[in-house]
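Since the structure is predicted, the reported quantities are computational estimates derived from the model, not experimental observations. We're numbering straight along the sequence, starting at 1.
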Amino acid sequence: MHPRLDRFRHYQQQPQQQQQQQQQQSPQRVLFVTRRPEPRPAQEPIIVVIDDATLKAFVRCVYIVAAIFILVTSITWLAISWTEFDFYGAVPVPSFAWILLAFFLLMVMNCVPPVRRIFPINWGITICILVLIIFAGACLVGSINVLNVLAALVSALATVAIFYACGALCPQILLPGVLCTACLSCILVITLFILIVLIIFLENPIIGLVFAILLFCLITVMMPFHAQYIHGRLQIVPIFDMLYCSLTIYIHFVMLLYAINQLFFYQKLV
């Protein structure tokens with residue numbers, strides 16, 4: 001009986017394999033010794049390409065969740081304004097206390113990004129922020145005419161829709177870039193902080209009017225940039241930050257609503 005050809009090849013290749021193993025096991029020659037290790041080449045980034053269907057589903061979820069937040073807040077504030085319910089009398093906590101608590105939770109989400117992606121925690125913090133903002137507005141809308149509240153809600157919602165549509169559809173050459181948005185935002189935030197200090201000590205309605213106008217300008221600068229970020233026009237798709245993107249749209253709406261209400265309030269004083 002003749003031996004099989006594959007067995008013959010195995011025995012023929014075995015010495016070569018032994019030589020390779022011996023070469024691998026042989027100690028490598030040390031060329032030089034140094035205390036400072038040579039820099040290792042950086043690992044190549046892993047690029048994940050998201051198809052159009054996934055991007056559209058993500059954008060749809062972001063806007064649907066943001067619309068739910070806005071709808072719940074608007075209905076609650078309209079009901080309080082319609083019934084003229086004294087929320088501050090029932091819960092004697094000033095509105096700025098609710099705002100500070102919401103701001104603290106928002107900073108937790110900003111400073112600890114993994115929190116935004118852990119399922120029970122991100123929804124819990126988001127709902128807490130939503131409830132705190134509703135409580136803060138409930139302290140104020142009870143004394144405002146329901147028609148004024150409705151007009152402010154419609155104006156804020158229309159402004160959000162227009163600027164987010166511009167950020168999603170307009171050519172990027174017409175939109176503020178990263179550097180322009182960052183510079184304008186820093187200047188406006190510093191100015192708003194100075195105005196807050198002046199409002200606390202002076203209580204001048206003119207300063208409040210200037211604050212509302214600059215706040216409106218700040219949000220109108222940030223909304224197109226955030227829309228580009230959501231729609232993947234900045235080469236990054238925040239696919240795991242769906243809830244945080246929706247919360248950002250909602251906060252833009254609330255801040256615009258506050259600025260518009262301040263304009264109505266100043267018009268009454270005049």
- Is there side-chain contact between Val254 and Tyr250, with heavy atoms separated by less than 4.5 Å? yes
- Heavy-atom nearest pair, Val210 first then Leu195, reads CG1-CD1, 3.9 Å
- All pairs passing salt bridge (charged side-chain N to carboxylate O under 4.0 Å, His left out) where residues 102-126 contributes a residue, at least two apart: Arg116-Asp241, Arg117-Asp241
- Message: Do Met255 and Leu105 land in one hydrophobic cluster if side-chain heavy atoms of ILVMFWY residues count as linked below 4.5 Å?
- Response: yes
- With no hydrogens and no angle check, is any side-chain donor or acceptor of Ser81 less than 3.5 Å from a backbone partner on Trp77? no
- Using the test side chain to side chain contact (heavy atoms under 4.5 Å, CB included), find all partners of Ile75 that sit at least two apart in sequence or belong to another chain. Leu71
- Are the side chain of Gln172 and the backbone N or O of Arg233 linked by a donor-acceptor pair below 3.5 Å? yes
- Query: Can we call the ring centroids of Tyr63 and His231 under 6.0 Å apart?
  - Reply: yes
- Tell me the ring pair (Phe, Tyr, Trp, His ring centres under 6.0 Å) pairs involving residues 132-161, sequence neighbours left out? Phe87-Phe135, Trp98-Phe135
- Could you state the interatomic distance from CD1 (Ile121) to CE (Met109), rounded to the nearest 0.5 Å? 10.5 Å
- Query: Going through the checks in order, is the side-chain contact (heavy atoms from CB on, under 4.5 Å) test met by Leu198 and Phe211?
  - Reply: CA-CA 10 Å; Leu198 293 177; Phe211 178 84; over 6 Å; no
- Message: Parallel, tilted or perpendicular, judged at 30° and 60°: which one describes the rings of His252 and Tyr164?
- Response: tilted
- Query: What heavy-atom pair brings Ile129 and Leu106 nearest, and what distance separates the two atoms?
  - Reply: CD1-N, 3.8 Å
- Message: What's the separation between atom CG in Leu215 and atom CG in Leu188, rounded to the nearest 0.5 Å?
- Response: 9.5 Å
- Linked, directly or transitively: Val141 and Ile99 (ILVMFWY side chains, under 4.5 Å): no
- Counting distance only, does the side-chain N/O of Thr220 pair as donor-acceptor with the main-chain N or O of Cys217 below 3.5 Å? yes
- Check: Ser246 side chain, Val65 main-chain N or O, donor-acceptor pair, under 3.5 Å: no
- Minimum-distance pair of heavy atoms, taken over all atoms of Ser74 and Leu153: OG-CD2, 3.6 Å
- Rounded to the nearest 0.5 Å, how far apart are CG of Leu247 and CD1 of Ile125? 10.0 Å
- Query: From Thr181 OG1 over to His226 NE2, what is the distance, rounded to the nearest 0.5 angstrom?
  - Reply: 12.5 Å
- Decide yes or no for Ile230 and Ile249: does some side-chain heavy atom of the first lie under 4.5 Å from some side-chain heavy atom of the second? yes
- Message: Apply the hydrophobic cluster definition, ILVMFWY joined by side-chain contacts under 4.5 Å directly or through others, and give me every member besides Leu184.
- Response: Val221
- Going by heavy atoms in the side chains, are Ile68 and Ile64 under 4.5 Å from each other? yes
- Task: Measure the CG-CD1 distance between Leu157 and Ile70 for me, rounded to the nearest 0.5 Å.
- Result: 6.0 Å
- Would Ile187 and Leu214 show up in the same hydrophobic cluster when neighbours are defined by side-chain heavy atoms closer than 4.5 Å? no
- Measure across Gly208 and Ile199 and return the closest heavy-atom pair with its distance rounded to 0.1 Å. CA-CD1, 4.0 Å
- Query: Honestly curious: do Phe96 and Ile133 fall in one hydrophobic cluster under the side-chain, below-4.5 Å linking rule?
  - Reply: no
- Task: Under the side-chain contact (heavy atoms from CB on, under 4.5 Å) rule, what do Thr126 and Phe69 come out as? Steps first, then yes or no, please.
- Result: CA-CA 10 Å; Thr126 302; Phe69 291 165; 3.7 Å; yes
- Task: Specify the closest pair of heavy atoms between Cys245 and Val62, including all atoms of both residues, with the distance to one decimal.
- Result: CB-CG1, 4.0 Å
- Would you say Val72 and Ile134 make side-chain contact, with heavy atoms under 4.5 Å? yes
- Message: Has Trp82 got a side-chain atom pairing as donor or acceptor with Val146's backbone, closer than 3.5 angstrom?
- Response: no
- Query: For Gln228 and Pro176, which heavy atoms make the closest approach, and how far apart are they?
  - Reply: NE2-O, 3.7 Å
- Item | Separation of Leu100 CG from Ser95 OG (nearest 0.5 Å) | 9.5 Å
- Side-chain cluster (under 4.5 Å, hydrophobic types only) that Ile173 belongs to, other residues: Leu174
- Query: Is Leu179 isolated, or which residues cluster with it under the ILVMFWY side-chain rule of less than 4.5 Å, directly or via members?
  - Reply: none
- Message: Is there a path of hydrophobic side-chain contacts, each under 4.5 Å between heavy atoms, that joins Ile162 and Leu175?
- Response: no
- Item | Polar side-chain atom of Asn148 near backbone of Ile144 as donor-acceptor pair, under 3.5 Å | no
- Side-chain touch Asn122/Val115, heavy atoms, less than 4.5 angstrom: no
- 4.5 Å side-chain heavy-atom contact, Phe58 and Met242: yes
- Message: Quick one, Phe216 and Thr159 - any side-chain contact, counting heavy atoms below 4.5 Å?
- Response: yes
- Min side-chain heavy-atom separation Tyr258-Phe253 under 4.5 Å: no
